[in-house]
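A note on names: the letters A, B, ... follow the listed sequences, proteins ahead of strands, and every chain is numbered from 1.
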Amino acid sequence: MATTADTFQAHQEHGRAHHDADHKPGFFARWFMSTNHKDIGTLYLIFAITAGIVGGAISGIMRAELAAPGIQYLGWWVQLMGGEANFDANLHMWNVLITAHGLIMVFFMVMPAMIGGFGNWFVPLMIGAPDMAFPRMNNISFWLTVAGFTSLMLSTFVPGGTGQGAGIGWTAYAPLSTSGSTGPAVDFAIFSLHLAGAGSILGAINFITTIFNMRAPGMTLHKMPLFVWSMLVTAFLLLLALPVLAAAITMLITDRNFGTTFFDAGGGGDPILYQHLFWFFGHPEVYIMILPGFGMVSQIVATFSRKPVFGYLGMAYAMVAIGVVGFVVWAHHMYTVGLDVNTKMYFTAATMVIAVPTGVKIFSWIATMWGGSIEFKSPMVWAIGMIFLFTVGGVTGVYLANGGIDDVVHDTYFVVAHFHYVLSMGAVFSLFAAFYYWFPKMSGRMHSELLSHLHFWVFFVGVNLIFFPMHFLGLQGMPRRYPDYTPAYTEFNHLATVGYMIMAASMAIFFVNVLYALLAGKKAPDNPWGPGATTLEWTLSSPPPYHQFETLPVIEDNKAAHDREHGRPSHA
Amino acid sequence: MAGAKNHDYHILAPDIWPLIGAASALTFTSGMVLFMHDMASAKLVLGLGIAGLIATFFSWFSNIIKEAHAGDHTPVVQLHLRYGMILFIASEVMFFVGWFWSWFDFALFPNQLSEVVAGQWPPKAIEAVMDPFALPLLNTLILLCSGTTVTWAHHSLIHGDRDGLKKGLWATIALGVLFSAIQAYEYAHAPFGFGGNTYGSAFYMATGFHGFHVLVGTIFLTVCLVRAYKGHFTPRQHFGFEAAAWYWHFVDVVWLFLFVVVYVWGGWGAAYH
């Protein structure tokens, strides 16, 4: 796509001509010792779907508990895990559930799917590279993610605070995560972040090197597809933000086990310091989760509008701007800890600045569709859904950016509604859009358009029913992270739980669709999406050969393509 | 792997070490949890994890060296390695940002309510700090000096002087070991402990992680020395050496910041030990 939908001429033989390029290693070597970016991408996607099922099931437990006031099921879960149900243990179980849900969805579902899965699959294909720069390191990035997930799962079997498991919230604020829960579960959970973080840093190094150093001849940075731009910015955010988290959680480990007092006020330490360090990572982290989605939506909207994306360079540099400014807004997560007024004013102003490049993106997507010959294929409806729902979450984000307003709604369900609109809808809708967009390319099979559309509409109704009422609950004062509430909040909570059931039903449609495609789907052509799909992956077979681009494609510049079309010799 | 490869990139065969490495990392962290909570078989699990990690590093880097000698490291792949090392060092810089951040927080805003700190820096509980202009200054000079000896080795290598390469590396490693020995001596004789207050916590964690990086850098340079004796490296291709030198300079620069911020500024006004 890039700016050059009309002039993208990839001169390369179709990989399937090379039979030796399709020689695959045996099962164990292929899937456990992989150095192939597509296989590692597939592993990441399977892993992310598995983790997503676990994290999604946990939200089901939470919605069941919250369907009515009072403590319903928590004691049952405590007993299932081998504990003794009592008031403290029940509430601890709630903390464990919210912690696991947050950590799994952030670190083991969205990030592996977007970066590890689609990034691994399509960054090399889109830039015309045969593989990633460091194929072996690519594999350890994946296995470290699995190791992190395993560590988090181990934590549920050992004591944490007043029961089994780590009940510290995904933010792991001290002192709850230090003197508040002394059991080994919290150490397992913290090390899970160390492991997954190490994998992500290595992955970031891999992506940046690949994108800077392996673009096909002629593909300048300003011709790079926007998905690749989004992965480049994301990788820089990972590289610079994650080590700060590593330092912060290492301080948690030493405070917990070796007598340091980083966050222990008795020894002069500062619990607020932990929040600063965490959110210095945490805010870039939320852009890490959404920027790849921006890239995917840009590809899809352009493809199905049969137009190059509107304002390509503006779109690319808007992501760069979001990435840069994203590093200097972190304390808007901490408005109620006692920051002084000037600090709050700065963070309010800086945070609102981010609405500008984000607005550039939203309006450019709309301008791309404007006057295009739009086809409402399954990836497109998911992408349009993402644009709409992400905008809803973005607008509540502008509310929350205000220190004054946040004082009132901080830690209420308004915040929960906001970040689920940008993540469960922004990030997850772009993931499903990307899944339906690239599934034929990855598997060689077409999914059912009917089931995909059905999945979309049921999911759309379900998630909106879950999260839209949460705005009202928050404005009415219902706090986050509580398993119980006053009966005044019953109606909206009940509605949200009904929404969860509808959403869960839509996931059944999704899995049926995938099974149908794999077992009985039509064979996918090289390019199922027509002339709007101009990036290099569509020049390859579906699925692509095991090693693609054995001869590198050459990207002509606009002038050469123009000259060739008009019968003049091209000057390479 | 494939026969029809018409490009200079390095396509690797499947490899078991990433899986072993990740499993060892998980074994190591799990062993740490068992160890920290005095649980059963902590030392066994921890030992297994560390052994697995060492084996992984050893095999992995041995393989890279073998591939370099097999000619897999074409100019573009060497450029990959350069990008990779620079980015890795960038992430390490951000890791130290976290530790310096906590140091500045504690030093600029000493806790008023805590009895051990009592609103002053260094904290009230710290009776004396290390004299920055005694052993720490000597260590600064040692590391700066080691920066020049590694450059001596590098220039010797570029000009085909193998003898100079070995001498320069020997000198750099010796200075690195001397630095670590002096750090160990200082830790053993420090007038303040590790836990209980922010000064000790932030001091030992920041300088301790730096010390760990010095050890890693020393091992890295030692590997280069062994390779120099084996006849590895050419004046045109010696990225393994350059990566070690970059890493060493990075460790050096972190120390300069530690010296100025932690030892000199951070202990200003306190009694010297």
For the CZ atom on A:Phe28, are there more than 12 heavy atoms of other groups (residues, nucleotides or ligands in this structure) within a distance under 6.0 Å? yes
One should read off an interatomic distance between A:Leu273 CG and B:Phe104 CZ, to the nearest 0.5 angstrom, of 13.0 Å
Check your understanding: Side-chain contact, heavy-atom cut-off 4.5 Å: A:Pro184 with B:Met36?
Key -> no
Okay, B:Tyr199 and chain A: the region with an atom under 4.5 Å from a heavy atom over there is neither
Taking a cut-off of under 4.5 angstrom between non-hydrogen atoms, the residues of residues 42-64 of chain B near chain A are B:Trp60, B:Asn63, B:Ile64
Between A:Phe188 and B:Ser30, the two heavy atoms sitting closest are CE2-OG, 3.7 Å
Distance col, row A:Ile253:CD1 vs B:Met205:CE, nearest 0.5 angstrom, shows 10.0 Å
query = When the ring centroid of A:Phe262 is compared with that of B:Trp103, is the distance short of 6.0 Å?
reply = no
Honestly, the part of A:Asp270 sitting under 4.5 Å from a heavy atom of chain B is both
The interface call for B:Leu113 against chain A, heavy-atom contacts under 4.5 Å, is neither
*asked:* Using modelled atom types and a 3.5 Å cut-off, is there a donor and acceptor pairing between side-chain atoms of B:Ser114 and backbone atoms of A:Gly266?
replied: yes
Bottom line for A:Thr254: the part with an atom under 4.5 Å from chain B's heavy atoms is side chain
Okay, A:Arg256 and chain B: the region with an atom under 4.5 Å from a heavy atom over there is side chain
Whatever's closer than 4.5 Å to a heavy atom in chain B on A:Leu238 counts as neither
Under 4.5 Å to a heavy atom of chain B? For A:His194 that would be neither
Are B:His7 and A:Pro130 side-chain neighbours, meaning at least one heavy-atom pair lies under 4.5 Å? yes
In terms of heavy-atom contacts, B:Ala90 and A:Leu239 come closest through CB-CD2, 4.2 Å
For the backbone of B:Asn197 and the side chain of A:Thr261, can you confirm whether one donor and one acceptor N or O come within less than 3.5 Å of each other? yes
Under 4.5 Å to a heavy atom of chain B? For A:Ala265 that would be both
When rounded to the nearest 0.5 Å, the distance separating CG of B:Leu79 from CE of A:Met214 is 11.5 Å
So OG1 of A:Thr35 and CG of B:Leu12: to nearest 0.5 Å the spacing works out to 5.5 Å
So, the part of B:Asp105 with a heavy atom under 4.5 Å from chain A: the answer is side chain
Under 4.5 Å to a heavy atom of chain B? For A:Phe142 that would be neither
The residue among A:Ile201, A:Leu242, A:Leu202, A:Leu240 that forms side-chain contact (heavy atoms from CB on, under 4.5 Å) with B:Ser91 is A:Ile201
On a heavy-atom basis, the closest approach of B:Leu26 and A:Ser151 is CD1-CB, 3.8 Å
Here the gap from A:His276 atom NE2 to B:Trp101 atom CH2, rounded to the nearest 0.5 Å, amounts to 7.0 Å
When the 4.5 angstrom heavy-atom criterion is applied to A:Tyr274 and chain B, the contacting part is neither
Here the gap from A:Phe258 atom CZ to B:Tyr204 atom OH, rounded to the nearest 0.5 Å, amounts to 16.0 Å
Under 4.5 Å to a heavy atom of chain A? For B:Tyr9 that would be side chain
If one checks every heavy atom of B:His37 against chain A at 4.5 Å, the contacting part turns out to be side chain
Heavy-atom nearest pair, A:Leu144 first then B:Ala25, reads CD2-CB, 3.9 Å
Turns out that what part of A:Leu195 lies under 4.5 Å from chain B's heavy atoms comes down to side chain
Quiz item: Could you walk me through whether B:His80 and A:Phe212 pass the side-chain contact (heavy atoms from CB on, under 4.5 Å) check?
Solution: CA-CA 9 Å; B:His80 286 351; A:Phe212 276 158; over 6 Å; no
Nearest heavy-atom approach of B:Leu87 to A:Thr209 is CD1-OG1, 3.7 Å
Among B:Val77, B:Ile20, B:Val116, B:Val93, the residue with the most heavy-atom pairs under 4.5 Å to chain A is B:Val116
Query raised in the report: Is it the case that more than 12 heavy atoms not belonging to B:Tyr187 sit under 6.0 Å from its OH atom?
Result: yes
Bottom line for A:Met132: the part with an atom under 4.5 Å from chain B's heavy atoms is neither
Bottom line for B:Leu81: the part with an atom under 4.5 Å from chain A's heavy atoms is both
Turns out that what part of A:Thr182 lies under 4.5 Å from chain B's heavy atoms comes down to backbone
Of all heavy-atom pairs linking B:His10 and A:Pro135, the shortest is O-CG, 4.1 Å
